[in-house]
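Working notes, beginning with the structure itself.
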Amino acid sequence: MTEHEQEEPSAGRTAETEPPAAGTGEPHTAETEASHSEAGEDRTRREAAGDAAGQEADEAAQKDGAEVNTGTTIETAGVPEAAIPELVIISGMSGAGRSTAAKCLEDLGWFVVDNLPPALIPTMVELGARSQGNVARIAVVVDVRGRRFFDNLRESLADLETKHVTRRIVFLESSDDALVRRFEGVRRPHPLQGDGRIVDGIAAERELLRELRGDADLVIDTSSLNVHELRAKMDAQFAGEEEPELRATVMSFGFKYGLPVDADLVVDMRFLPNPHWVPELRQYTGLNEEVAAYVFNQPGAKEFLDRYAELLRLIQTGYRREGKRYVTIAVGCTGGKHRSVAMSEKLAARLVSEGVETVVVHRDMGRE
């Protein structure tokens with residue numbers, strides 16, 4: 001309140017509204033005239049103090065598209081009514097499988113942030129809202145390595161609730177015996193054990209996580225689960241009705257330059273005649289139609305493509321069942337220029353026709 005408002009309450013109240021217009025029926029007396037005069041002086045003081053400027057700044061910010069919380073959506077500059085991303089918070093006992101659960105969501109297309117300070121979760125959601133739908137699902141992994149974890153997390157969850165953000169908490173649980181075996185297996189201390197034993201750290205963490213576990217939307221006990229079984233449970237919860245897709249990279253290479261270090265499957269095309277020894281084809285690559293025709297007119301080339309594509313269908317089923325989402329198929333010949341390139345293109349086209357998302361890479365083409 002201004003000094004004038006403190007001394008003259010009636011004038012202060014009048015200052016909050018405009019003077020009545022003519023014809024409103026309000027008696028025009030000296031008292032009301034004085035009151036209106038005082039109100040005008042009061043507005044002048046408020047404008048000098050910056051109140052009116054602040055209101056104009058707020059209106060200008062809204063016109064310019066500044067962020068405004070509308071309850072279920074967030075309006076941002078250039079992105080009106082941007083949808084708030086879906087949020088999953090992954091937490092639980094150290095050694096219970098948080099990283100595996102996060103990797104599973106990443107393979108399902110979620111944007112995953114590991115070990116994000118809880119105070120930054122609302123900011124992460126707002127950044128996702130500004131992505132114009134490019135970041136529609138966010139997963140955040142949080143743990144107890146920071147002792148102020150719980151205070152910050154509670155505040156962040158309360159902030160998200162006020163913005164009506166759809167969020168779920170996934171809690172990874174495991175028995176003390178299983179956790180002790182896992183920590184001993186990797187020969188690492190528990191993050192909270194300090195100078196004590198592993199069981200002391202587990203007990204301290206379990207106590208700190210007790211309230212969060214009670215708030216969890218999904219609790220998964222991994223005591224008797226292996227990595228593949230945990231991934232299957234996450235898929236069942238978050239993959240939806242569609243089966244998670246397998247993504248393939250088909251890479252041609254030359255054996256004389258070395259095997260690709262990231263290859264899951266390697267096939268050798270050196271059983272086919274080399275176009276390098278055909279003078280009119282030597283200068284071209286397997287992308288050339290004449291070179292490709294030469295390769296696939298050789299005995300065994302088409303049969304190999306058909307049978308290997310059939311084998312890959314069998315492998316795809318097993319990969320999906322075991323939680324593997326990416327496969328790199330390396331197709332090699334001597335120099336990575338003719339036979340491997342032609343076969344990679346045909347094999348990739350076959351995979352695409354069967355609904356497999358496929359990328360083709362010719363690692364060594366052009367090195368000669």
Side-chain angles (χ1 to χ4, degrees), residues 87-118 121 137-154 156-157 167-240 243-244 264 317-326:
L87 174 68
V88 166
I89 298 173
I90 300 174
S91 190
M93 300 296 295
S94 299
R98 292 188 307 247
S99 297
T100 299
K103 180 61 178 175
C104 182
L105 290 184
E106 186 174 32
D107 290 344
L108 292 174
W110 290 66
F111 185 87
V112 178
V113 184
D114 193 8
N115 200 25
L116 182 73
I121 294 177
R137 298 182 297 177
I138 298 174
V140 177
V141 183
V142 292
D143 57 41
V144 296
R145 281 175 286 183
R147 286 299 187 137
R148 295 195 60 189
F149 162 77
F150 293 102
D151 291 339
N152 291 336
L153 181 58
R154 280 194 291 269
S156 296
L157 293 178
R167 58 92 176 151
R168 284 179 284 176
I169 299 176
V170 177
F171 191 94
L172 282 300
E173 176 66 279
S174 194
S175 67
D176 288 2
D177 291 343
L179 293 175
V180 169
R181 287 196 303 269
R182 292 168 188 173
F183 276 105
E184 289 180 343
V186 296
R187 298 182 180 181
R188 296 185 62 185
H190 188 282
L192 296 184
Q193 76 179 72
D195 296 330
R197 301 177 299 161
I198 292 176
V199 292
D200 298 327
I202 293 173
E205 184 178 35
R206 201 177 293 282
E207 181 61 31
L208 288 172
L209 289 169
R210 187 179 304 279
E211 183 177 342
L212 181 61
R213 188 187 189 284
D215 294 336
D217 301 283
L218 173 63
V219 177
I220 301 178
D221 189 343
T222 66
S223 302
S224 58
L225 300 181
N226 59 34
V227 173
H228 306 303
E229 292 168 334
L230 173 56
R231 292 184 67 99
K233 284 185 174 290
M234 292 294 293
D235 283 346
Q237 292 291 329
F238 296 99
E243 187 178 11
D264 297 297
T317 302
Y319 276 172
R320 288 192 177 102
R321 183 177 58 248
E322 295 300 310
K324 186 174 178 63
R325 301 288 175 258
Y326 301 93

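Not measured: the values here are computed from a predicted model.
In this structure N226 satisfies the side-chain hydrogen bond (donor to acceptor under 3.5 Å, both in side chains) test with no other residue, sequence neighbours excluded. Applying the side-chain hydrogen bond (donor to acceptor under 3.5 Å, both in side chains) rule to T100 yields no partners; only residues at least two apart in sequence or on another chain are considered. D221 is linked by a side-chain hydrogen bond (donor to acceptor under 3.5 Å, both in side chains) to S223, counting only residues two or more places apart in sequence or in another chain.
Annotation: side chain of V88 is in contact with side chain of W110 (closest heavy-atom distance under 4.5 Å). Taking the side chain as every heavy atom from C-beta outward, I89 and R168 never approach each other to under 4.5 Å. Between D217 and V170, the closest side-chain pair of non-hydrogen atoms is not below 4.5 Å. Put simply, the side chain of I220 does not reach to within 4.5 Å of the side chain of E173, judged on heavy atoms. At a threshold of 4.5 Å between non-hydrogen side-chain atoms, the residues S91 and D143 do not count as touching. For the pair F111 and L105, the minimum side-chain heavy-atom distance is 4.5 Å or more. Taking the side chain as every heavy atom from C-beta outward, L157 and D215 never approach each other to under 4.5 Å. Side chains of I90 and D114 form no contact here, defined as non-hydrogen atoms less than 4.5 Å apart.
Between R182 and A96, the shortest heavy-atom contact is NH1-CA, 3.7 Å. In plain terms, the two heavy atoms of S94 and L179 that are nearest each other are O-CD2, 3.4 Å.
Taken to the nearest 0.5 Å, the NE2 atom of H228 stands 12.5 Å off from the CG atom of D235. Interatomic distance, I202 CD1 to L192 CG, rounded to the nearest 0.5 Å: 10.0 Å. Here the straight-line distance linking atom CD1 of I121 with atom CG of L153 works out to 5.5 Å at 0.5 Å rounding.
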Intermediate values then yes/no, salt bridge (Lys or Arg N to Asp or Glu O under 4.0 Å), D177 and R181: CA-CA 6 Å; D177 291 343; R181 287 196 303 269; 5.3 Å; no

Worked verdict on L218 versus I169 for side chain to side chain contact (heavy atoms under 4.5 Å, CB included): CA-CA 6 Å; L218 173 63; I169 299 176; over 6 Å; no

Candidate pair V141 and V113, rule side chain to side chain contact (heavy atoms under 4.5 Å, CB included), full reasoning: CA-CA 6 Å; V141 183; V113 184; over 6 Å; no

Chi angles and distances behind the side chain to side chain contact (heavy atoms under 4.5 Å, CB included) call for D176, V199: CA-CA 7 Å; D176 288 2; V199 292; 5.7 Å; no

Test salt bridge (Lys or Arg N to Asp or Glu O under 4.0 Å) applied to E205 and R210, step by step: CA-CA 9 Å; E205 184 178 35; R210 187 179 304 279; over 6 Å; no

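Not one N or O on the side chain of D107 forms a donor-acceptor pair closer than 3.5 Å with the backbone of C104.
Using cut-offs of 30° and 60° for the angle between ring planes, the H190 and F183 rings count as tilted.
Looking only at atom types and distance, the side chain of T222 has no donor-acceptor partner in the side chain of R98 under 3.5 Å away.
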